[in-house]
Asker: 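Questions regarding the structure given below will be posed in turn.
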Amino acid sequence: MVLGTGGTIAGLAKRRSDNIVYAAAQLGVAALLEMVPGLTSVLRGHTLHSEQVAQVDSKDMRFDIWLTLAQRVTHCLSQSDVAAVVITHGTDTVEETAYFLHSVLPPELINRKPVVLACAMRPASAQYPDGPQNLMDAVAVALAPSAAGVVVVCAGTVHTALDVQKAQTYRLDAFTSGDAGPLSYVEEGQLRLLKHWPQTQAGYAFVAIDKIAELTSWPRVEIVMSYAGCSGEVVDALLRTGASTPLRGIVVAATGNGTIHQELEVALRRAVQMGVKVVRATRCAYGHVLAVERAEFEHFNGLSPVKARIALMLALMQS
Ligand code: SIN
């Protein structure tokens, strides 16, 4: 099953020569599949079905789309005749959607059947679009023997939801898995697997999708960054009452190994006193925040700031 959500992979420009000036999320997922004539070569006898779940530029990704996507993926994977789900998505927030799905999809489903997110750095109208190859690779990954977990495929490389991060603004090979390295390469429809497929457990962040669906609003968690000359004013502004949704959590994109400017730290203590949960992540692209004894603000085992925010939202949903 191929679910469409939009992105550059479905984008159209006025001219074929336009690689960066275009509108994302224009073509439907069925049209995208028609642009990949070689797909039958990787289908291994399976048939493709498609469904449009959303049509957005992923910079505008919303919680209601995440919820619908999680519900549709769960429904599809629960069907005995569905082998896998591929999702077409924009590159800008695909790491967040992948991590969200990895955190909420029932482990008994994704440990048996994979969810593969496919994206592109050039619009579908480009002279040399990368979407068709990425889509074909994604289907090859989805139907690979033993495939499992939530993964992202781009430029012949497969990344796990936990490690994937967009690291490039322009080049086709836009993603990294940081220190962890990629899960696999896709070469002519074949996988060169470098690690085991990811297996998930119903961990602290796992919240049943039905429970999320009952919420009238998701816990509000914001990200603040620590930097030279930083003050606590952003935190104080966030704490001021009057916002439609009260602040429940702050993720600090901290320097280095989770260190925080002293001015910001003082403001974050005020936030904690007001009942706001504060966690640390690092603004470094590589490496994890290492646990230090009696650290004032906990960290989420090396998650990037955007993924730590999702983990904190899910944790707050449980409390
Ligand atoms: C998007 O994220 O939807 C637009 C950018 C992209 O897909 O590369």
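Residue numbers count from 1 along this sequence. Atoms within each ligand, like the ligands themselves, are counted from 1 in listed order.
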Asker: Quick one: sort the His159 and Phe175 rings into parallel, tilted or perpendicular, breaks at 30° and 60°.
Answerer: tilted
Asker: Quick one: nearest non-hydrogen protein atom to atom 6 (C) of ligand 1, plus distance?
Answerer: Thr8 OG1, 2.7 Å
Asker: Is there a donor-acceptor pair closer than 3.5 Å between any side-chain N or O of Asp173 and the backbone N or O of Ala155?
Answerer: no
Asker: Would you check whether Thr91 has a nitrogen or oxygen atom less than 3.5 angstrom from a nitrogen or oxygen atom of ligand 1?
Answerer: yes
Asker: Check whether any N or O atom of Asp57, backbone or side chain, sits under 3.5 Å from an N or O atom of ligand 1, and answer yes or no.
Answerer: yes
Asker: Provide, to 0.1 Å, the distance between atom 2 (O) of ligand 1 and the closest protein heavy atom, together with that atom's residue and name.
Answerer: Ser58 OG, 2.6 Å
Asker: Could you tell me the separation between the CG atom of Leu27 and the CD1 atom of Ile9, rounded to the nearest 0.5 Å?
Answerer: 10.5 Å
Asker: What do you reckon, does His89 have a nitrogen or oxygen under 3.5 Å from a nitrogen or oxygen of ligand 1?
Answerer: no
Asker: Tell me the contacting part of Ala120 for ligand 1: side chain, backbone, both, or neither, using a 4.0 Å heavy-atom threshold, strictly below.
Answerer: backbone
Asker: Does atom CD (Gln199) have a neighbourhood of more than 12 heavy atoms from anything else shown, all under 6.0 Å?
Answerer: yes
Asker: Are more than 12 heavy atoms, taken from residues, nucleotides or ligands other than Ile20, located less than 6.0 Å from that residue's CD1 atom?
Answerer: no
